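The structure displayed is predicted, hence computed values, not measured ones. Lettering follows sequence order; numbering is per chain, from 1.
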Amino acid sequence: MSSALPVSVDGRPRPARRGLLGRSGAGDRALALVSLLVFLFLYLPLVVVVVYSFSAAEIAVWPIEGWTLDWYRELSRDKEIHEALQLSVIIGVVSASIAVVLGTLAALAIDRYEFPGKAALRFAVVLPITLPGIVTGVAMLSFFSVLTWPMSRWTLIIGHTTFCIALVLNTVVARLGQLPRNISEASADLGAPPWRTFWRVTFPLIRPAILAGAVLAFTLSFDEVIVSFFLQGREPTLPLLIWGRLRIGLSPEINATATVIVLVSLAAVLVSNRLSKQATLGG
Amino acid sequence: MAQALMTETPVRADAGRFGGTPSIELRDVSKFFGQVPAVSGISLEVRQGEFLTLLGPSGCGKTTTLRMIGGFELPSAGEIVIEGEAMGDRPPYRRPVNTVFQNYALFPHMTVGQNVSYGLEMTGVPKPERQRRVAEALDMVRLPHVENRKPAELSGGQQQRVALARALVNRPAVLLLDEPLGALDLKLRKTMQLELKQLNREVGATFVYVTHDQEEALTMSDRIAVMNEGRILQLGTPGDIYERPRTRFVADFIGQTNFLEVEVIGSDGAAVEVDLPGSGPLRARPPEGVPAQGTMTLAVRPEKISLMADLPGSEIPGWDRLSGRLEEIIYVGTYTQYVLRLPGGQELAVHRQNRAVGEGEHPMGETLTVVFNPQSAALLAD
Amino acid sequence: MASIAAPTSEQTIAAARSERRPGGLWLLLPGPLGWMVFFYLVPLVILLVHAFWSVDYLTIQRTFTLENFRTLLTNDLYLRVLGRTAAMAAVVTLADLCLAFPLAYFLAKRVTKHRELLLLLVIFPLWSSYLIRVFAWKTILGTNGILNSFLLTVGVIDQPATAFLYSKTAMFLTFSQVWLPFMILPLFTVLDRLPNSFIEAASDLGANPWRTFRSVILPLSLPGILAGSLSVFSLTLGDYITPTLLGGPGDQMIGRLVADNFGMSNNWPLGATLVVPILVLVSLFIAVANRFGALGRTAA
């Protein structure tokens, strides 16, 4: 990993290796080893989940005695899980869509304008992902109950949208910050009124960032438990269903479900990463 | 192709260089950013078809002035009139002005052709005409066959030309250029300077050019406005600015100048007699706009000064004459710079053309006598 | 880097150069602003108002009272749980800092090939279900779990140890692993931007590695450290999933108490009151982070 190449991926020339904090190669090797261990620690639970989803035994024990696809078969017949999955996807798509519109509007306002309370707005938008999720959850629960709104998929959508706005805002603001300001000036200079400048120049240039933000928002919504727990109606989302089952007891079927979720998340993150890379390359 | 463009805009091209109503008028224009003044009461008339350069160090207000003409900033006070129309708070997209931006500001997601035709599209030019004019404009900047490429696939110089084509294709009355050559290497910059000057003549549009590069300004401009701290210090032709600077800042910013503190002794109309402490009386050109009295600065450029030893005659009547010890020799290629220490302690730089190899070399420490025409010696108030 | 400095002239110009015509703001702002105020700030206020209400036979009495705060400050249970939670959050934050720093430094300063891929791999667990990772630890640490059966097979122990699961250690381990990416990402960002020449200049000027670390690397990565710490601290402070799945009866954490009060115990006013110390602690942290320009750098 600590290759001898003198040039980094991004083409910046790198000075000759000088070891950890300027010392010899021994320090470097120690650093690499520690990094590897931390990395393994990071992945240990995921690996366990994926591996044991193929284990034949009812309980996860070492060593694995036999392999099976039974848990996936069970999963494919589990109506409850299918319904929960469907709900999670609906909520994720709707929340991410609303968040994309609101987050992009806020990002444009923050990037383009000076207005009183700008810092406060920025702060308020990222607050739901800065404060512990439980605060958002119980606050919204109290709010909805004071309004006597019944808990339903709509309350879940409102809750998810609220923290998803921050993700979209962050990715879009970062992209807008990279655009040379005089690009929109050039458009105005060539006779385009503001809205045409937006649709012809600004929007195409931030579109990858908006999509990346949308994918991340969907992923976060899809995985969320803490806030959802307080805002759920009668039908559970997929994580809430898993949470409910976990409290009763472990089943290897959950491992299979988890593996599927992990794969979906991985695909989403890869797509989002591809999009934001496209964004930095300028489309 | 440039020909074609000209024939289509006969009025502008033939309007006679610098005739008629001014192309741009700035009337006592000021701009504040918060409490900070960026431009302080500038008045300026730019003539039809003129190549005018705003020259000054960074932060002098030249870019802000340009941006106000373009409509990207609104003046805090004063008025801007373009082609006889007061601009008021008219936005950029409703001004008869196009801009070549620093770093070009090409749209990265569009092809070169789309970039150039963008302005035409915005003004509703029908597609067939658009295609023709885009091709013309790209031809004019000598960049055919790149229409379908993305800006990122072009070199800096090519991008520069695209930016020019994109601005000129709309046939603006005024073209604003904001340090457009800053990112190019020296050789390319020189070529582009000539081409810009040529384009200005061919197209007939008024060019307002912003730069901090004095050489660029001298090469291209019909007139130069030297700016500092939000004001125009001097407005004139390149020759005027270079040969007859009115202030020490102008003399210093453009080219190299010796500044000597002198006392005015008297005046005979054609020249002013001054005393340079340690060296005695000298004659100088009378100052412009200020009386010749008291302590003043004598400004004389190093290349206006000759070594006595190099002149065929031993004496040139009426020329100023100074002697000093040779303290420094710097070889610069086309010339060699000698630095003399005058008896009064002042330094004097002299540029001597390197005409023939090994011609008349002088050892350090030698006392040299130098002469210059009093008309080349300007008296400045500051 | 450190954005503690006063605004530079560049920033002033950038600010001055932003849109001069405020008309468009009326198009952009009302939507997001309205949403955040109505669906977030108002709920927060309503939550705080609940803290001053009381409960009478499962119905909320909407009359002002300080009773809940008296309970909070006088009842040993709440203070103990609060202290335990804060301590856990602090220890987890510190552990993650120690774990994340070498990896982030390695990725930012030593890796040249496949840098992006590796970074992506590090961040990925952040987006893979949190619940699943917590659950995985339960599978690993359970009485009949992987660790026990592994140790049995190897012969280190002769009967399953119960000590792994339902303990503070299990919670600590889980928290540290689950929040680790939130620490790595902001650290990587600051370290990646820290010019190598700074580090080299320091060692060139005779600083030993430790000095270089302490006087150059550490101060310059402070915004990243604070941003990552804020995330980890805040996430641990409010969590109730991990204590429920992996904590023992004596390992209650404040998030769990809040959840219970809003759930089974149905004492919302008390639950709302228990949120107040969480808010205070996180706000203090935010204030510190903001002071050093760390806000807006958190991973999520």
Side-chain angles (χ1 to χ4, degrees), chain A residues 9-12 104 107-109 111-119 171-213 274-283, chain B residues 33-34 63 66-67 69-73 90-111 114-125 130 137 150-153 159 162-172 174-180 183:
Chain A
V9 267
D10 50 5
R12 272 180 295 168
T104 305
L108 286 168
D111 184 71
R112 294 296 161 90
Y113 295 93
E114 285 305 321
F115 52 92
K118 178 168 154 172
T171 38
V172 177
V173 159
R175 175 62 182 149
L176 281 170
Q178 288 172 349
L179 294 185
R181 161 103 337 132
N182 59 19
I183 281 219
S184 43
E185 283 181 357
S187 171
D189 183 71
L190 293 166
W195 63 273
R196 288 191 91 172
T197 296
F198 178 77
W199 286 114
R200 291 294 305 277
V201 177
T202 315
F203 180 69
L205 290 174
I206 61 174
R207 188 169 40 209
I210 292 176
L211 286 174
R274 175 60 53 87
L275 288 169
S276 33
K277 213 187 297 177
Q278 217 173 317
T280 46
L281 292 177
Chain B
F33 289 123
T63 296
L66 194 81
R67 290 173 59 80
I69 300 173
F72 305 115
E73 306 285 355
R90 207 188 270 196
Y93 50 89
R94 288 177 48 223
R95 294 190 184 213
V97 167
N98 282 124
T99 308
V100 177
F101 289 87
Q102 212 173 359
N103 305 321
Y104 326 133
L106 297 176
F107 306 129
H109 59 300
M110 298 185 194
T111 63
Q114 286 167 337
N115 261 284
V116 177
S117 87
Y118 188 84
L120 299 173
E121 214 179 308
M122 291 303 138
T123 45
V125 176
R130 245 166 31 214
K150 287 278 179 77
E153 299 168 48
Q159 290 184 28
V162 175
L164 258 173
R166 185 177 71 173
L168 285 172
V169 76
N170 307 295
R171 294 175 194 152
V174 174
L175 185 70
L176 306 176
L177 303 105
D178 185 6
E179 308 222 18

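Taking all atoms of both residues into account, the shortest heavy-atom contact from A:E185 to B:R67 is OE2-NH2, 2.7 Å. Here the shortest heavy-atom pairing between A:A186 and B:F101 reads CA-CE1, 3.3 Å. Across A:I183 and B:P108, no two heavy atoms sit closer than the pair CD1-CD, 3.5 Å. Closest heavy-atom contact between A:G191 and B:Y93: C-CB, 3.4 Å. For B:T99 against A:D189, the heavy-atom pair with the smallest separation is N-OD2, 2.6 Å. In terms of heavy-atom proximity, B:Y118 sits nearest to A:T197 at OH-CA, 4.1 Å.
When heavy atoms are compared at a cutoff of 4.5 Å, A:P193 approaches chain B by way of both its backbone and its side chain. Heavy-atom distances place the backbone of B:L106, and not its side chain, under 4.5 Å from chain A. B:T123 does not touch chain A: none of its heavy atoms, backbone or side chain, sits under 4.5 Å away.
Using a 4.5 Å cut-off on side-chain heavy atoms (C-beta onward), A:N182 and B:F72 make no contact. Considering only heavy atoms from C-beta on, B:H109 comes within 4.5 Å of A:V201 through its side chain.
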